[in-house]
Novice: 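This is the structure I want to talk about, given as structure tokens.
In listed order, ligands and their atoms are each counted from 1. Just the heavy atoms: all of them, side chains too, but no hydrogens, waters or symmetry mates, feed the values below.
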Amino acid sequence: MPELPEVETIARNLRDGSAGCFALPGLTISGFNLSWYKTLVEPPAEVLQQLLPGQVVKDVTRRAKYLVITLSRHTILIHLRMSGDLLTFADDIDPGLKHIRFELEFLEGGRLIFNDPRKFGRIWVVEDTQTLLGKLGPEPLDESFTEGEFFNLLHNKKRMIKSLLLDQSFISGLGNIYTDESLHLAGIHPLTNSTSLTLYTSRKLLESIRQVLMDGILRNGSSIDWVYRGGEYQNNFRVYRRTGQACNVCGTMIERIVVGQRGTHLCPKCQVLY
Ligand SMILES: [Zn+2]
């Protein structure tokens, strides 16, 4: 599933017009096509038909794993889930995609296509984003999110650190890849109870999360078994999907365990459970 670095990369491509996409800000929506009814959560398609045409794209950003397209009056929120992808095409180009679920058309020409083979991706068009985004935890890369706050949040919960980091209401944007990578960089065992982290280790964890996410963004995310393309971070994995291979810090074989039904990768020597 695309995580923070992958969604951030897509948002930047659609905002700046890079990686084969054209920039969306400034374009006026002329219409849309919905080809799989479940993709659009709200409003109903007939209502959307009334409110979308004529709205101008103001910005394309990201909040947690949501792509946020701000329009003149409404906001489009897109969650890519397992296999969703967003691409732009000129009108005279056949996209050659088999799983198009939604298309936005622009007055100036061109369209934004939501391709989603597994159909789990979802789109909301809302006036108030808080219903969906308000319950999300802090953004790890937000500089106003402090080490002290992170420490307090960890100690307000009493949960295994891996499960807690995956919980979007605790902290935003992390999934299985970047959680495993951050815990290895910080030298923290995934089963560690959040309340047993000291101020020093919690600071190290926040620094590691930030470093791993920034490295991920720098390499345009990770291209692995889902549709997301173009990223190179998979070549830098420390532990994720490296079971049986040598840890690049100490040479010990990477192990895989299951934590809360999620495959979890760790180095038993670098990440000791106290
Ligand atoms: Zn190691």
Novice: Output the distance between atom CZ (R101) and atom OH (Y37), rounded to the nearest 0.5 Å.
Specialist: 12.0 Å
Novice: Listing residue and atom name, which protein N/O/S atoms are closer to the Zn ion (ligand 1) than 2.8 Å?
Specialist: C247 SG, C250 SG, C267 SG, C270 SG
Novice: Between the side chains of D167 and K157, is the shortest nitrogen-to-carboxylate-oxygen separation below 4.0 Å, so that they form an ion pair?
Specialist: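 D167 and K157: not salt-bridged.
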Novice: Hey, could you give me each pair passing salt bridge (charged side-chain N to carboxylate O under 4.0 Å, His left out) that has a residue in residues 180-200? Not counting sequence neighbours.
Specialist: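 Counting only pairs at least two positions apart or across chains, the salt bridge (charged side-chain N to carboxylate O under 4.0 Å, His left out) contacts touching residues 180-200 are K162-D180.
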Novice: Scan residues 159-214 for pairs that pass ring-ring contact (aromatic ring centres under 6.0 Å, His included), counting only residues two or more places apart or in two chains.
Specialist: Y178-Y233
Novice: For residues 65-90, pull every pair meeting ring-ring contact (aromatic ring centres under 6.0 Å, His included), keeping only residues two or more places apart or in separate chains.
Specialist: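 Every pair satisfying ring-ring contact (aromatic ring centres under 6.0 Å, His included) with a residue in residues 65-90: Y66-H79, Y66-W124.
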Novice: What I want to find out is whether E8 reaches R12 closely enough, with some N-O distance under 4.0 Å, to be called a salt bridge.
Specialist: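 So E8 pairs with R12 through a salt bridge.
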